[in-house]
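In this chain, residues are counted from 1 in sequence order.
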Amino acid sequence: MLDILDFLASAKDDIIRPLFSERQRRQLRLMGLGSIRQSQYGMGRECPQKLYLSGRVPAERASAYMLFGSVFAKASEAPDEALARCTDEGYYLSLFKQVRAVDPNVVFYHQGNPVDWGMVKSWALMMSTRERLGMTFGELVHTTQEALYAAGIRTLQREERLSYKEGHGDHALELFGTLDQRGFFHGKPIVLDIKLYGVSSVYLETDGSIKKQSFTPLEMQFHPQLRHYEWLLWKQKREAIDFYGIVAPANLVPYIKGPEKGKARGLPFFFSPTLGTKGRIAYEEDFKRFFSSFVASPPYRAMPTNFGTVSCPSCPYFNACLGDVSSATQAAALSDLSYLKD
């Protein structure tokens, strides 16, 4: 018997199949989920209650790490300027302002506190010196872009908002996300995700250090963000992607001591072919199954852990979750989770 994915792929995925029924779209909108970001879907896979609260709590806390990622992307638009002004504190302040102006409603948080101008000024000063990285932030931006160009990457878009809408009027639903970078890899379409965590922590944490990063081809082929953006790009523009790429600027930061002193920590990028049409269809089927289950019954608290430590205290909806005791069977037990803060 012909495999169902083979059958669907044989049609070249030309048929636009609805993701949600009208009833499901109405239910999601009633939950405040008329627009669903890629990151919210990720939240839901981790903990359905987290996704539910993201639609009901008005202001989500955006991480300062996300802010740094956007600053890196903004600087990458003009890498020669980033190099020329790499020691200019004012240059970095202007980048932060430009990123902030994109969506003034977003509130960035760092270590539990809203990011203020004092924090930004201290970060800009550090970025303009070579104390933390052995190079300035602007030099790292320029070096990364040069390495990508040498590897055969030609950039088409940065910080690209992808969106797919289904339904009309009061029953409309939007799925969206922001893709770090899109372009061509030796002439073939590619989507790229920039992993700046290994660098940002040096500026954001008192004891932060450079963290070398690596990804296997298998990890990349099933990378949830890259698969989601590939899928959204197809839904919105019917453009197929041949390759995934992950950019790791931290790997370009040289060692400052030891036998490897002066050498880069590793490759600054990793590439892998996508799973093709079948993979895209399989992703869509998983997406549909998740939301079918999500709207079919009240979302539950998954109490996710990270290396054995409960993740709830670091959740942006922790307090809202404590106040929500709607669970019929566990209300008493879940009404006091203060011990998780210790």
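The hydrophobic cluster containing L156 also includes F184, under a criterion of side-chain heavy atoms closer than 4.5 Å among ILVMFWY residues, counted directly or through chains of members.
Proximity of a side-chain donor or acceptor of S54 to a complementary backbone N or O of L51 within less than 3.5 Å is detected. The backbone N or O of R37 lies less than 3.5 Å from a partner atom in the side chain of Q40, making a donor-acceptor pair. Counting only distance, with no hydrogens or angles, the side chain of R132 and the backbone of M126 share no donor-acceptor pair below 3.5 Å. Side chain of Q145 to backbone of H142: no donor-acceptor contact under 3.5 angstrom is found. Here the side chain of E46 pairs no donor or acceptor atom with the backbone of P304 at under 3.5 angstrom. Remark: side-chain polar atoms of H110 are not paired, donor with acceptor, to backbone N or O of S63 under 3.5 angstrom. The backbone N or O of G276 lies less than 3.5 Å from a partner atom in the side chain of T274, making a donor-acceptor pair. Of the possible donor and acceptor atoms, one in the side chain of N251 sits under 3.5 Å from a partner among the backbone N and O of L267.
Side chains of Q49 and Y300 form no contact here, defined as non-hydrogen atoms less than 4.5 Å apart. Counting heavy atoms from C-beta on, the side chains of F243 and P189 never come closer than 4.5 Å. In this structure, the side chains of H228 and Y283 come closer than 4.5 Å at one or more pairs of heavy atoms. Looking at P224 and R45, their side chains come closer than 4.5 Å, going by heavy atoms from C-beta outward. Using a 4.5 Å heavy-atom cutoff, the side chains of T136 and M127 are not in contact.
Below 30°, between 30° and 60°, or above 60°: for F291 and F294 the angle between ring planes is above 60°, a perpendicular geometry. Between W123 and F96, the ring-plane angle classifies as tilted under the 30° and 60° cut-offs.
Across every non-hydrogen atom of Q221 and Y244, the tightest pair is O-CE1, 3.6 Å. For the pair I241 and L233, the tightest heavy-atom approach, listed with the atom from each and the gap, is CD1-CD2, 3.4 Å.
Within the structure, the side chain to side chain donor-acceptor pair (under 3.5 Å) test picks out the following pairs touching residues 171-189 (sequence neighbours left out): E22-H171, S35-E174, T155-Q181, E160-R182, R161-E174, S163-E174, R182-E239. The salt bridge (Lys or Arg N to Asp or Glu O under 4.0 Å) analysis of residues 92-119, with sequence neighbours excluded, yields no pairs. Listed by first and then second residue, the salt bridge (Lys or Arg N to Asp or Glu O under 4.0 Å) pairs that reach into residues 210-227 come to none, sequence neighbours excluded. Residue pairs meeting the side chain to side chain donor-acceptor pair (under 3.5 Å) criterion with at least one partner in residues 82-95, sequence neighbours excluded, are E81-R85, R85-D88.
To the nearest 0.5 angstrom, K74 atom NZ is 8.5 Å from L95 atom CG. The structure places CZ of R56 at 9.0 Å from CG of L33, a figure rounded to the nearest 0.5 Å.
Geometrically, R154 engages Y149 in a cation-pi contact defined by less than 6.0 Å to the ring centre and at most 45° from the axis.
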### Task
Apply side chain to side chain contact (heavy atoms under 4.5 Å, CB included) to K50 and R301, showing your working.
CA-CA 8 Å; K50 197 172 181 180; R301 297 172 176 87; over 6 Å; no
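The pair K235-E284 counts as a salt bridge, with a side-chain nitrogen and a carboxylate oxygen less than 4.0 angstrom apart. Using a 4.0 Å cut-off between charged side-chain N and carboxylate O, K288 and D286 make no salt bridge.
Here F270 pairs with F215 under the ring pair (Phe, Tyr, Trp, His ring centres under 6.0 Å) rule; sequence neighbours left out.
The number of heavy atoms from other shown groups lying within 6.0 Å of NZ (K237) is above 12.
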